[in-house]
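Note that the numbering runs from 1 along the sequence shown for the chain. Both counts, for ligands and for their atoms, begin at 1 and track the order of listing.
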Amino acid sequence: MIYEFETDRLKLRQWRSDDYPLFAAINADPIVMEYFPALLTIEESNDVAKRMKTLIAEKGWGFWVLEVQDRFAGFVGLNEPSYPLPFSPCVEVGWRLAPEFWGHGYATEAANVALKFAFETLQLAEVVSFTAVSNARSQAVMQRLKMQNTGENFEHPKVPIGHPLREHVLYRLSRSEWQNHGSHQVAI
Ligand SMILES: CC(C)(COP(=O)(O)OP(=O)(O)OC[C@H]1O[C@@H](n2cnc3c(N)ncnc32)[C@H](O)[C@@H]1OP(=O)(O)O)[C@@H](O)C(=O)NCCC(=O)NCCS
């Protein structure tokens with residue numbers, strides 16, 4: 001079974017092959033990729049999209065396509081990092097949107113849907129999120145989700161040693177914190 005979601009403004013759905021060129025354009029945009037060590041080629045981007053699609057097909061959930069008024073806007077969702085991190089095992093909540101979809105609250109709204117699923121359906125005890133120390137826009141989403149900055153900064157193993165983006169912040173949200181703060185009452 002594949003989980004997909006719809007709110008008044010958004011859809012979170014499985015990937016389709018016609019999403020791939022739009023995703024490649026996002027991954028080749030220096031504004032979107034400011035906090036990643038490199039832009040992605042079309043081939044690299046397609047590989048990432050296919051992997052997200054496969055994981056959703058296998059597990060029923062993952063980094064879903066975010067659709068706004070029937071337009072591909074990027075991805076938002078949940079992921080188990082495939083490489084070891086200091087706090088593994090974990091499930092992360094993450095996002096990447098085309099710039100024309102920034103500034104409308106779409107990432108936060110979609111991530112709240114993903115968190116509701118993580119805590120209510122998957123019954124996870126905790127969800128994490130991490131990003132480069134300098135990525136204030138992404139951290140603002142974490143803060144809007146009421147995630148807590150642990151202060152446990154770490155070196156991201158996929159970013160080259162000495163690279164200015166290697167140091168990452170780690171935010172966490174436990175199921176009890178999420179149940180207590182009330183913003184899980186999203187309409188799905
Ligand atoms: C990180 C990213 C998803 C944040 O996008 P965003 O649009 O700033 O975040 P949100 O969707 O939560 O929108 C919040 C903004 O919408 C505004 N907004 C407008 N209408 C709104 C509404 N109805 N509800 C909530 N917020 C609304 C908020 O005021 C806020 O604006 P501000 O940034 O001027 O304060 C986006 O910048 C991105 O994709 N970046 C590139 C990829 C990336 O860095 N990913 C993370 C790597 S780990």
Working to the nearest 0.5 angstrom, can you tell me the gap between [X] [atom1] and [Y] [atom2]?
X	Y	atom1	atom2	value
Arg172	Phe87	CZ	CZ	7.0 Å
Ile26	Glu100	CD1	CD	8.0 Å
Leu145	Trp178	CG	CH2	12.0 Å
Thr131	Arg137	OG1	CZ	12.5 Å

Any protein heavy atom lying closer than 4.0 Å to [atom]?
atom	result
atom 29 (O) of ligand 1	no
atom 37 (O) of ligand 1	yes
atom 21 (C) of ligand 1	yes

- When the aromatic ring centroids of Phe5 and Trp61 are compared, is their separation below 6.0 Å? no

- Task: Indicate, with yes or no, if the rings of Phe36 and His163 have centres closer together than 6.0 Å.
- Result: no

Write down the atom of [X], the atom of [Y], and the distance for their closest heavy-atom approach.
X	Y	answer
His168	Val159	CE1-CG2, 4.3 Å
Ala111	Val76	N-CG1, 3.6 Å
Phe130	Pro81	CZ-CG, 4.2 Å
Asp19	Gln14	OD2-O, 4.4 Å

If you measure every N or O of [X] against every N or O of ligand 1, does any of those distances drop under 3.5 Å?
X	result
Gly105	yes
Arg96	no
Ser138	no
Leu97	yes
Val32	no
Arg137	yes
Tyr35	no

- Return the orientation label for the Trp15 and Phe75 ring planes: parallel under 30°, perpendicular over 60°, tilted otherwise. tilted

Shortest protein heavy-atom distance from [atom], along with the residue and atom involved:
atom	result
atom 9 (O) of ligand 1	Arg144 NH2, 3.3 Å
atom 40 (N) of ligand 1	Trp102 CZ2, 3.3 Å
atom 11 (O) of ligand 1	Ala107 N, 2.7 Å
atom 4 (C) of ligand 1	Val141 CG2, 3.7 Å
atom 16 (O) of ligand 1	Gly103 C, 2.9 Å

Taking only heavy atoms of [X], which atoms of ligand 1 are found under 4.0 Å from at least one of them?
X	answer
Asn135	43 (C), 44 (O), 46 (C), 47 (C)
Thr131	47 (C), 48 (S)
Phe130	48 (S)
Tyr106	11 (O)

- Message: Main chain of Phe117, side chain of Glu120: is a donor-acceptor contact present, judged purely on distance under 3.5 Å?
- Response: no

- Query: Is the backbone of Leu40 close enough, under 3.5 Å, to the side chain of Ser45 for a donor and an acceptor to pair up by distance?
  - Reply: no

- Applying side-chain hydrogen bond (donor to acceptor under 3.5 Å, both in side chains) between Arg13 and each of Glu6, Glu67, Glu4, report the one that passes. Glu67

- Give the single entry among Phe75, Phe36, Trp95 that approaches atom 45 (N) of ligand 1 most closely by any heavy atom. Trp95

- Item | Residue selection (non-hydrogen contact nearest atom 24 (N) of ligand 1) among Glu92, Glu109, His104 | His104

Ligand 1 contact on [X] by region, counting heavy-atom pairs under 4.0 Å:
X	value
Glu34	neither
Thr108	both
Arg9	side chain

